Amino acid sequence: ICIINPMSILKAVNSSFKLFNKKIADIPEYTMYKTTNLKIISEEEGVFHTDGEPHNRTIETNIQVLKGAMNACANLI
């Protein structure tokens, strides 16, 4: 689970390239947790992203990672 806390627009623009060069952990607003289950309880509805895909969030959202549920293949030429 990766959380990027709020930051100024200028800092977000300056930090955005770090998403793509694997340096995102270098910004203090970034926190990562390893888990297989997550419950998000929020004060209001909104949007969250899983692997870059946006989802509508309700006040309480449960997320579970299913081991072996995804197979991937890559051509590494």
Side-chain angles (χ1 to χ4, degrees):
I1 305 301
C2 302
I3 298 173
I4 300 176
N5 289 309
M7 63 182 82
S8 71
I9 298 286
L10 181 59
K11 182 156 187 177
V13 169
N14 288 333
S15 301
S16 63
F17 73 95
K18 292 182 178 187
L19 285 168
F20 304 102
N21 67 3
K22 300 182 182 178
K23 300 287 184 189
I24 191 67
D26 294 346
I27 65 169
E29 292 83 4
Y30 173 87
T31 308
M32 183 182 81
Y33 303 96
K34 290 185 178 184
T35 187
T36 56
N37 292 292
L38 176 71
K39 180 186 279 188
I40 300 171
I41 300 172
S42 133
E43 294 179 5
E44 56 189 48
E45 295 182 357
V47 176
F48 68 96
H49 293 254
T50 58
D51 197 24
E53 297 295 324
H55 303 277
N56 290 326
R57 179 186 71 216
T58 58
I59 300 299
E60 185 172 306
T61 303
N62 293 298
I63 300 171
Q64 182 178 16
V65 177
L66 302 173
K67 185 176 179 178
M70 183 177 116
N71 293 315
C73 180
N75 187 356
L76 302 175
I77 294 177

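All values reported here derive from a predicted model rather than from experimental measurement.
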J.: Is there a continuous path of hydrophobic side-chain contacts, each under 4.5 Å between heavy atoms, that joins Ile40 to Ile59?
T.: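 No, Ile40 does not connect to Ile59 through the hydrophobic network.
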
J.: Enter the distance from Ile41:CD1 to Asn62:CG here, rounded to the nearest 0.5 Å.
T.: 8.5 Å

J.: Sequence neighbours left out, what passes side-chain contact (heavy atoms from CB on, under 4.5 Å) with Val47? Give chain and number order.
T.: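 For Val47, the residues satisfying side-chain contact (heavy atoms from CB on, under 4.5 Å) (neighbours in sequence not counted) are His49, Pro54, Asn56.
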
J.: Calculate, to the nearest 0.5 Å, the distance between atoms CD1 and OG belonging to Ile27 and Ser16 respectively.
T.: 9.5 Å

J.: Suppose the criterion is salt bridge (Lys or Arg N to Asp or Glu O under 4.0 Å): which pairs have a residue in residues 10-19, not counting sequence neighbours?
T.: Lys11-Glu29

J.: Would you say that Ile63 contacts Ile1 through its side chain, given a criterion of any heavy-atom pair below 4.5 Å between the two side chains?
T.: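 Result no, sub-4.5 Å side-chain heavy-atom pair not found.
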
J.: Restricting to side chain to side chain donor-acceptor pair (under 3.5 Å), what partner residues turn up for Thr61, sequence neighbours left out?
T.: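 Partners of Thr61 under the side chain to side chain donor-acceptor pair (under 3.5 Å) test: none.
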
J.: Tell me whether Leu19 is reachable from Phe17 by hopping between hydrophobic residues (I, L, V, M, F, W, Y) whose side-chain heavy atoms are closer than 4.5 Å.
T.: no

J.: Are Tyr33 and Ile4 connected in the hydrophobic side-chain network, where two residues link if heavy atoms are under 4.5 Å apart?
T.: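 Looking at the clustering, Ile4 is in a separate group from Tyr33.
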
J.: For residues Asn5 and Thr31, report the shortest heavy-atom separation together with the two atoms involved.
T.: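 Looks like ND2-OG1, 4.4 Å.
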
J.: Give the minimum heavy-atom separation between Ser15 and Ile24, together with the two atoms involved.
T.: O-CD1, 4.5 Å

J.: Just so I know, are the side chains of Gln64 and Leu66 near enough to count as touching, which here means a heavy-atom distance under 4.5 Å?
T.: yes

J.: Do you know which two heavy atoms are closest between Tyr30 and Cys2, and how far apart they sit?
T.: OH-SG, 3.2 Å

